[in-house]
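All remarks here apply to the structure that follows.
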2 protein chains.
Amino acid sequence: MGTIGRPRSQVAHAAILKAALRLVTKSGFRAVSVNDIAAEAGVGKMTLYRHWPNKAAVVMDALLALIGEETAFPEAASALESLQQQLHRQVRFFRSARGNLVRSLVAEAQTDRALAKAFRERWLEPRRQGVRRTLECAIAEGSLRNDFDLDTAIDQLYGSLYYRLLLGSGVMDERFVEATLQQFVSGHGAKPKTRK
Amino acid sequence: MGTIGRPRSQVAHAAILKAALRLVTKSGFRAVSVNDIAAEAGVGKMTLYRHWPNKAAVVMDALLALIGEETAFPEAASALESLQQQLHRQVRFFRSARGNLVRSLVAEAQTDRALAKAFRERWLEPRRQGVRRTLECAIAEGSLRNDFDLDTAIDQLYGSLYYRLLLGSGVMDERFVEATLQQFVSGHGAKPKTRK
DNA sequence: GATTGTACGATACTTGCGGTATCGTAAGGA
DNA sequence: TCCTTACGATACCGCAAGTATCGTACAATC
């Protein structure tokens with residue numbers, strides 16, 4: 001199974017990802033050319049195209065490979081509190097320069113089916129899994145009802161965040177998160193005092 | 001006062017809008033070139049650029065000029081029913097080929113500040129006004145509380161729709177509308193039986 | 001340690017599109 | 001009739017995505 005020929009440079013691979021992340025985060029997807037990324041990485045353009053099929057694929061990988069726990073669910077006293085803290089993290093992430101990355105990829109995905117698929121499967125779905133688990137915990141803890149569709153609920157929770165990211169006038173503050181969460185809980189929360 | 005020189009051709013203007021709507025609706029924004037639009041309209045490319053600054057502006061105008069009452073609020077017995085019917089209309093509109101138009105413009109707006117402004121002011125805001133009026137009616141009718149922020153509520157209502165339009169696996173059915181509306185009402189609805 | 005096969009960086013090239021410039025012609029108000 | 005501007009057509013420019021090619025640098029195999 002010994003590989004023949006010169007092996008691919010992991011150094012070049014990593015340098016390209018890092019360069020793409022830096023440039024696109026700073027200037028946006030359209031403003032950065034493939035030449036720019038290759039030059040910033042100190043790499044030939046052909047090396048980039050040997051590792052990825054196109055620019056969007058590079059940026060997608062850069063988002064996934066070099067983003068840490070910015071959108072993870074922290075430990076908390078209750079599932080609802082964990083959800084609350086994650087929502088704040090997500091909003092902070094969107095509001096940061098990294099938000100450009102997500103916006104760029106969503107935009108590009110509108111005309112690139114492969115990218116759209118990758119974005120759903122590799123970015124959205126893992127995060128939705130996290131939300132799903134947390135909601136199930138909240139249900140088990142008795143703080144949410146158990147008669148609603150999880151995926152629809154997730155769309156309602158995060159849809160408004162993405163809406164403001166992509167279309168909003170820019171106001172993605174903590175108050176918005178609290179209002180959204182409160183609205184969510186008042187709709188899906190268990191009502192212990194009410195019978196039937 | 002009297003215009004001098006040859007007047008602009010309203011025929012060419014309308015033909016360009018119609019061609020842009022047709023082509024972009026069918027094939028998507030990126031797949032259609034300015035040459036395509038001009039050719040389809042039977043017009044020189046320069047005429048197009050004399051009437052609009054760029055491709056995105058043409059498509060934006062096409063969306064506004066040639067779309068009718070597809071997303072209007074119908075008369076109904078109550079404000080909430082009118083809202084419900086409009087949500088169904090909106091979903092049907094998004095699901096139709098016209099959805100491509102909106103998706104294209106949102107995508108383009110991510111890197112075109114002028115278009116983003118135009119999209120917000122000319123497409124989103126008028127529709128939000130309609131929602132706002134309807135929600136105020138519903139409050140006046142006593143079927144919604146009056147202690148919530150209208151704009152946040154609208155984001156929560158329509159955010160999930162745009163989320164599915166832009167990122168969803170395509171499932172934008174009637175059940176989704178009903179679930180979203182129900183969630184909205186359970187959060188913002190007046191609770192006549194409950195005191196304090 | 002020579003051979004072999006592939007990746008490497010560099011660079012020239014192709015293609016296609018957005019947008020501009022130019023040209024002779026058409027249209028209408030003055 | 002004259003004057004000014006828009007018209008359709010077409011050539012052109014600039015730029016970026018993606019391809020092709022070249023001599024070189026590796027590392028496994030012989």
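From a predicted model like this one, the values you see are computed outputs, not experimental measurements. Order of the sequence lines sets the chain letters (A, B, ...), proteins ahead of strands, with each chain counted from 1.
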Margin query: Can you measure A/Tyr49 atom OH to C/dA7 atom P for me and round it to whole angstrom units?
Written below: 18 Å

Check: If you measure only the distance, is there a donor-acceptor pair under 3.5 Å linking the side chains of A/Glu178 and A/Gln84?
Finding: yes

Notebook entry, point to check: Which of these nucleotides, C/dG5, D/dA27, C/dT11, is closest to any side-chain atom of A/Pro7?
Noted result: D/dA27

Check: When we call it a touch if two heavy atoms are under 4.0 Å apart, what does B/Asn35 touch: a base, just sugar-phosphate, or nothing?
Finding: nothing

Notebook entry, point to check: Can you tell me how far C1' of C/dC17 sits from CG of B/Leu48, to the nearest Å?
Noted result: 14 Å

Check: Phosphate oxygens OP1/OP2 of D/dC7: is one of them under 4.0 Å from a side-chain N or O of B/Arg50?
Finding: yes

Notebook entry, point to check: To the nearest Å, how far apart are A/Arg8 CZ and C/dG9 P?
Noted result: 12 Å

Margin query: Given D/dA17, D/dC7, C/dC17, identify the nucleotide with an atom nearest to the side chain of B/Ser33.
Written below: C/dC17

Note to self: Quiz question: going by heavy-atom distance under 3.5 Å, is there a donor-acceptor pair between the base of D/dG18 and the side chain of A/Lys45?
What the structure shows: yes

Check: Can you find a heavy atom in the side chain of B/Asp155 that is under 4.5 Å from one in the side chain of A/Arg164?
Finding: yes

Margin query: Can you tell me which residue among A/Tyr158, A/Tyr163, A/Tyr162, A/Phe176 is in a ring pair (Phe, Tyr, Trp, His ring centres under 6.0 Å) with A/Phe94?
Written below: A/Tyr162

Next item on the list: Answer with yes or no whether the hydrophobic clustering places A/Leu64 together with A/Val59; edges join I, L, V, M, F, W, Y residues whose side-chain heavy atoms lie under 4.5 Å apart.
Entry: yes

Next item on the list: Determine: side-chain N/O of B/His51 to OP1/OP2 of D/dC7, distance under 4.0 Å, yes or no.
Entry: yes

Item checked: Nearest-angstrom distance from the residue atom CG of B/Asp36 to P of C/dG16 -> 12 Å

Notebook entry, point to check: Want to settle it: does B/Gly5 or B/Phe29 sit nearer the 5' end of DNA chain C, counting the closest nucleotide to each?
Noted result: B/Phe29

Checklist line | No-H, no-angle donor-acceptor pair, A/Arg6 side chain to D/dA27 base, under 3.5 Å | finding: no

Check: Counting only side-chain N and O atoms of B/Thr47, is one of them less than 4.0 Å from OP1 or OP2 of D/dG8?
Finding: yes

Next item on the list: Return the value, rounded to whole Å, for the distance between atom CG of B/Leu23 and atom P of C/dC17.
Entry: 13 Å

Next item on the list: Take atom NE2 of B/His13 and atom C1' of D/dA6, then tell me their distance rounded to the nearest Å.
Entry: 14 Å

Note to self: If I take atom CZ in residue B/Arg30 and atom C1' in nucleotide C/dG16, what distance separates them, rounded to the nearest angstrom?
What the structure shows: 13 Å

Next item on the list: Figure out the CG/P separation between B/Asn54 and C/dG19, and round it to whole Å.
Entry: 5 Å

